Peer 1: 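Shown below is the structure under consideration.
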Amino acid sequence: MPGLGKHRRPKQRPISRKLAFAGTGGAALALPLISATTAGAAVTQPAAPAVAPAVKTVTLAAAKPAVEKAALPLTYSVTVGDTLSKIAAEHAVNGGWQALYEANRSAIGSDPSIIRPGLKLSIGAAAKAAAAKATGVKAAAAAVKPATTYANNLDGWIRQSLDVMARHGIPGSYNGIHRNVMRESSGNPLAINNWDSNAAAGIPSKGLLQVIDPTFRAYHVPGTSLDSYDPVANITAACNYAAARYGSIDNVNGAY
């Protein structure tokens with residue numbers, strides 16, 4: 001027993017580096033008891049292998065059916081009031097109504113002015129896209145270029161008709177139109193024939209180039225008036241008809 005007034009000095013245990021052992025069975029792994037935040041304990045993880053993006057593969061795979069779809073021919077079903085010229089213009093058919101007729105001659109027959117409602121016409125691949133593009137180009141041109149003005153007389157009517165014809169691929173010259181106008185109506189846009197067989201049938205010839213109403217409707221060119229007496233509409237429809245029958249109004253030198 002220790003003496004009074006004296007305290008027992010606690011025993012100092014020697015400091016030693018301890019190791020923790022972990023494992024199973026007889027095998028053990030010595031793990032130093034050092035914080036994982038110290039530099040000596042930093043562990044470098046192997047970089048994950050780079051994964052190549054599949055953008056190109058996906059894009060090409062998606063583009064292939066789109067290209068195949070665009071290559072398919074488009075079909076148009078004729079409705080009441082349609083003409084080859086109107087259909088060709090609305091769908092931007094390359095080569096105009098003449099190309100449309102040639103592509104569908106077997107279905108239409110020998111007379112391009114007769115197309116019945118319900119008739120299926122091939123209008124070519126990507127025609128709608130081409131029509132949209134053409135519309136955008138025309139709109140852009142209209143925004144930059146001022147509209148052309150024409151005199152309200154025979155000279156102005158012919159020149160305006162020629163511009164419309166050029167946009168629709170309809171052949172004809174100023175001299176060819178003027179020559180036929182003077183023979184048919186002497187330049188009077190309100191001229192009407194009330195005595196021939198057409199008049200007897202109730203469809204008299206009208207206007208500058210003396211066109212009967214059925215022919216006017218069949219060969220009416222989009223963008224012109226629906227009035228057969230309108231000078232520009234009358235000339236343009238007549239030239240469209242003459243192109244289908246004779247190759248051009250320039251080839252007409254008599255009753256047609």
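Along the sequence shown, residues carry numbers from 1. None of these values were measured; they are calculated from a predicted model.
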Peer 1: Can you name the salt bridge (Lys or Arg N to Asp or Glu O under 4.0 Å) partners of D163, sequence neighbours left out?
Peer 2: none
Peer 1: Heavy atoms only: give me the nearest G109-Y101 pair and the separation to one decimal.
Peer 2: O-OH, 2.7 Å
Peer 1: Which residues pass the ring-ring contact (aromatic ring centres under 6.0 Å, His included) test with Y76, not counting sequence neighbours?
Peer 2: H91
Peer 1: Answer yes or no: is there a side-chain heavy-atom contact under 4.5 Å between H168 and P222?
Peer 2: yes
Peer 1: Answer with yes or no whether the hydrophobic clustering places I108 together with L100; edges join I, L, V, M, F, W, Y residues whose side-chain heavy atoms lie under 4.5 Å apart.
Peer 2: yes
Peer 1: For P171 and G247, work out which heavy atoms get closest and say how close.
Peer 2: CG-O, 3.2 Å
Peer 1: I'd like to check P117 versus T79 (side-chain heavy atoms, cut-off strictly below 4.5 Å). Are they in contact?
Peer 2: no
Peer 1: Just wondering, do I123 and I87 contact through their side chains at under 4.5 Å, heavy atoms?
Peer 2: yes
Peer 1: State yes or no: do I203 and I114 share one hydrophobic cluster built from I, L, V, M, F, W and Y residues joined by side-chain heavy-atom distances below 4.5 Å, directly or via other members?
Peer 2: no
Peer 1: In this structure, would V181 and Y150 fall into the same cluster of hydrophobic residues linked by side-chain contacts under 4.5 Å?
Peer 2: no
Peer 1: Verify the cluster assignment for V211 and L154: are they in a single hydrophobic cluster under the rule of side-chain heavy atoms below 4.5 Å apart?
Peer 2: yes
Peer 1: Within the distance-only criterion (no hydrogens, no angle test), does the side chain of D250 pair as donor or acceptor with the backbone N or O of S173 below 3.5 angstrom?
Peer 2: yes
Peer 1: Using a 4.5 Å cut-off on heavy atoms from C-beta on, say whether the side chain of E102 contacts that of Q98.
Peer 2: no
Peer 1: How would you list, by chain and number, every residue that makes a salt bridge (Lys or Arg N to Asp or Glu O under 4.0 Å) with D227, sequence neighbours excluded?
Peer 2: none
Peer 1: Mind running side chain to side chain contact (heavy atoms under 4.5 Å, CB included) on W97 and T83 for me, showing each step along the way?
Peer 2: CA-CA 9 Å; W97 71 264; T83 65; over 6 Å; no
Peer 1: Holding to side chain to side chain donor-acceptor pair (under 3.5 Å), I want the full list of residues that pass it with D155, two or more places apart in sequence or in another chain.
Peer 2: R159, Y174
Peer 1: Keeping to residues at least two apart or across chains, list the salt bridge (Lys or Arg N to Asp or Glu O under 4.0 Å) pairs with something in residues 180-200.
Peer 2: none
Peer 1: So, does D230 use its side chain to make a donor-acceptor pair with the main chain of L226 at under 3.5 Å?
Peer 2: no
Peer 1: Would you compute the distance between atom CG of N180 and atom CG of N253 and round it to the nearest 0.5 angstrom?
Peer 2: 7.0 Å
Peer 1: Examine distances only and state if a side-chain atom of Q160 and a backbone atom of N152 form a donor-acceptor pair shorter than 3.5 Å.
Peer 2: no
Peer 1: Heavy atoms only: give me the nearest S185-G207 pair and the separation to one decimal.
Peer 2: CB-O, 3.6 Å
Peer 1: Quick one: does any side-chain atom of R217 pair with a main-chain N or O of S228 as donor and acceptor, under 3.5 Å?
Peer 2: no
Peer 1: Is there a side-chain contact between S122 and N104 in this structure, where contact means two heavy atoms from C-beta onward sitting under 4.5 Å apart?
Peer 2: yes
Peer 1: CD1 of I249 to CG of N175: how many Å apart, nearest 0.5 Å?
Peer 2: 12.5 Å
Peer 1: If every non-hydrogen atom of M165 is compared with every non-hydrogen atom of G172, which pair is closest and at what distance?
Peer 2: CE-CA, 3.9 Å
Peer 1: Would you check if D213 and K206 make a side-chain contact, meaning some heavy-atom pair closer than 4.5 Å?
Peer 2: yes
Peer 1: Around atom CG of N94, are there more than 12 heavy atoms of other residues, nucleotides or ligands at under 6.0 Å?
Peer 2: no
Peer 1: Considering only heavy atoms from C-beta outward, does the side chain of D111 approach that of R245 to under 4.5 Å?
Peer 2: yes
Peer 1: When you measure from the side chain of N194 to the backbone of P204, do you find a donor-acceptor pair of N or O atoms at a distance under 3.5 Å?
Peer 2: no
Peer 1: Have a look at N240 and tell me which of I235, L84, V221 forms a side chain to side chain contact (heavy atoms under 4.5 Å, CB included) with it.
Peer 2: V221
Peer 1: I need the full list of ring-ring contact (aromatic ring centres under 6.0 Å, His included) pairs touching residues 206-235, with sequence neighbours left out, sorted by first then second residue.
Peer 2: F216-H220, Y219-Y241
Peer 1: For residues S248 and N251, is any side-chain donor paired with an opposing acceptor at under 3.5 Å?
Peer 2: no
Peer 1: Do L208 and I177 come within less than 4.5 Å of each other through their side chains, counting heavy atoms only?
Peer 2: no
Peer 1: How far does CG of D82 sit from CG of L121, to the nearest 0.5 angstrom?
Peer 2: 8.5 Å
Peer 1: Is there a path from I192 to M182 through hydrophobic residues (I, L, V, M, F, W, Y) whose side chains come within less than 4.5 Å of each other?
Peer 2: no
Peer 1: What's the spacing between Q210 CD and N234 CG if we round to 0.5 Å?
Peer 2: 8.0 Å
